[in-house]
Protein chains: 2
Amino acid sequence: MTKPDDTPEPMLGRISVPKSYEVLADRLRQTILDGSLAEGERLPTERELVSQTGLSRGSVREALRKLEVEGLVKTKLGRLGGNIVSRPGNDSMAHVITQFVRGRRLSLRTLQETREALEPSLARLAAEHRSKDDIVRLRELNAEMGQALDDRNRFAAINIAWHNAVATASRNDLLAAFLYAISYDVVASTVSEEYDTPGLRKEVVGVHERIIVAIEAGDGDAAFRRMERHVKATRAKTRAREDSDLPPD
Amino acid sequence: MTKPDDTPEPMLGRISVPKSYEVLADRLRQTILDGSLAEGERLPTERELVSQTGLSRGSVREALRKLEVEGLVKTKLGRLGGNIVSRPGNDSMAHVITQFVRGRRLSLRTLQETREALEPSLARLAAEHRSKDDIVRLRELNAEMGQALDDRNRFAAINIAWHNAVATASRNDLLAAFLYAISYDVVASTVSEEYDTPGLRKEVVGVHERIIVAIEAGDGDAAFRRMERHVKATRAKTRAREDSDLPPD
DNA sequence: CGACGGCATTTGCTCTTACCATTAGATCTT
DNA sequence: AAGATCTAATGGTAAGAGCAAATGCCGTCG
């Protein structure tokens with residue numbers, strides 16, 4: 001199987017021709033991340049970028065489109081509009097993660113496992129880093145849930161907010177963003193299940209309160225354990241649907 | 001400060017004028033995720049999309065650019081090239097997560113915490129879902145590490161691969177993608193530290209072996225605990241640099 | 001004097017047209 | 001046959017024009 005050795009040694013690596021919009025996107029990205037452009041500042045107008053780079057308007061716009069998806073710029077229309085530098089937010093990351101989940105048709109089981117991996121740790125970190133305001137916020141939301149026992153959808157919505165509030169209290173933006181990204185999908189597949197009765201909802205409020213107590217006391221281990229049990233309980237009740245794919249849309 | 005109540009009741013919500021490339025991107029995305037287009041298939045050529053949608057070539061291309069960042073299509077040049085449907089891979093998600101981390105200047109502490117949240121759970125799942133091949137792969141990599149005790153950078157590189165192999169064994173693509181996304185950053189900030197001596201490296205190989213044993217035995221709890229200790233140990237040794245920001249680039 | 005209405009300007013958004021560059025199949029040549 | 005060459009399909013890039021939205025300015029009118 002020795003093939004005719006026309007070119008024994010490659011000598012030259014594969015030549016890759018970079019596309020102009022990629023190059024521009026990379027350079028703009030670097031400029032932004034360098035800190036040369038503060039958040040909220042406008043980068044040059046499209047026409048300026050054209051004259052600065054020698055590229056066409058189209059290429060410039062394609063580069064901006066990429067940065068937009070990455071969450072590094074937001075485009076505003078009209079006079080005093082422009083392409084404004086912004087910090088990547090939870091939403092931009094959530095968007096991409098959502099495409100990942102849907103595109104690969106990840107099972108509900110996978111999402112549930114992910115949640116079980118994230119939430120206990122978030123609770124522990126919340127216990128270590130929480131502020132007074134965080135506790136107030138958590139109690140507020142939990143009280144709201146207590147008043148929405150009869151409204152399944154409203155209850156579910158506040159429930160998401162509560163779990164994300166725990167994530168916020170953790171002071172870990174990355175983990176919080178992960179949870180934020182999947183929380184919608186998880187709940188969308190979980191809500192309006194037969195197990196979801198007012199009685200069980202009341203139970204949830206009680207469990208939340210005990211978790212809040214642990215967080216307030218700064219007891220990371222307890223917060224971890226209680227949250228772990230809490231999310232696992234959710235899974236147990238969803239087991240019937242396990243391994244099923246996500247509903248379309 | 002009561003402003004003149006010209007329009008007491010809004011009556012109409014804010015009107016948002018969708019941009020054409022957004023609309024097209026949304027529709028293409030939906031088509032792809034519906035499964036109407038299988039992975040590897042080509043969607044219509046740009047010129048076809050132009051005639052189908054009535055939009056301009058530029059708008060079509062901007063829409064494609066967005067989908068490209070999301071990892072849903074890959075663009076190939078030349079005859080029989082085109083825009084090819086593809087499943088979002090770890091890389092596309094890692095890219096966005098990296099922008100998130102850099103753009104928000106997340107601290108090393110945050111990354112470390114995230115790792116500590118992910119890895120033990122990944123080890124547990126690996127113990128529950130691993131195949132024989134996974135074990136073989138883990139042992140292979142660990143053996144390679146044992147032979148690279150003197151080469152700090154090579155050791156670090158294989159180390160990343162080992163941890164990602166555990167993630168692969170977990171059969172949870174989402175958690176694995178999370179770890180993959182941060183592993184480079186974490187190690188980049190960790191490697192070439194004074195604590196990083198051949199002796200300690202040898203210790204790591206031993207710890208890895210014990211984790212492999214737990215995974216092989218299907219002992220999720222043990223795998224979890226051992227991995228937890230393992231990653232925490234790494235943090236302890238990095239503590240001096242804690243709270244410092246990431247090095248530029 | 002103050003508020004309202006229209007005008008001008010800046011900026012992104014969209015379309016049109018044209019041509020170049022890359023790739024792979026088809027065809028010709030030896 | 002094997003190789004070189006031609007050809008067609010497709011994305012990449014450029015240039016130019018005009019439209020649409022947002023904002024500030026200014027003049028008019030009450």
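Side chains included, hydrogens not; waters and symmetry mates left out as well; all remaining heavy atoms used.
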* Structure fact -> Closest non-hydrogen contact found for A:I158 with A:A148 is CD1-CB, 4.3 Å
* Asked: Between A:F178 and B:F178, what is the ring plane arrangement, given parallel below 30°, perpendicular above 60°, and tilted in between?
  -> parallel
* Side-chain N or O of A:S20 less than 4.0 angstrom from OP1 or OP2 on D:dT13? -> yes
* Asked: Looking at residues 53-69 of chain A, who's got a heavy atom less than 4.0 Å off DNA chain D?
  -> A:G54, A:L55, A:S56, A:R57, A:S59
* Would you mind listing every salt bridge (Lys or Arg N to Asp or Glu O under 4.0 Å) that reaches into residues 161-183 of chain B, with sequence neighbours excluded? => A:R104-B:D173, B:D134-B:R171
* Structure fact -> By side-chain hydrogen bond (donor to acceptor under 3.5 Å, both in side chains), A:S121 pairs with (sequence neighbours left out) none
* Are A:R65 and A:E68 ion-paired here, with the side-chain N under 4.0 Å from a carboxylate O? -> yes
* **Partner set under side chain to side chain contact (heavy atoms under 4.5 Å, CB included) for B:A176, not counting sequence neighbours** => B:A167
* To do: Would you please confirm or rule out a distance under 4.0 Å between OP1 or OP2 of C:dT14 and any side-chain N or O of B:Y21?
  => no
Atom pairs, N/O to N/O, protein against nucleotides 7-10 of chain D, distance under 3.5 Å?
from, atom 1, to, atom 2, distance (Å)
D:dT10, OP1, B:R42, NH2, 3.2

* Can you name the side-chain hydrogen bond (donor to acceptor under 3.5 Å, both in side chains) partners of A:Q99, sequence neighbours left out? -> none
* With no hydrogens and no angle check, is any side-chain donor or acceptor of B:T168 less than 3.5 Å from a backbone partner on B:N164? -> yes
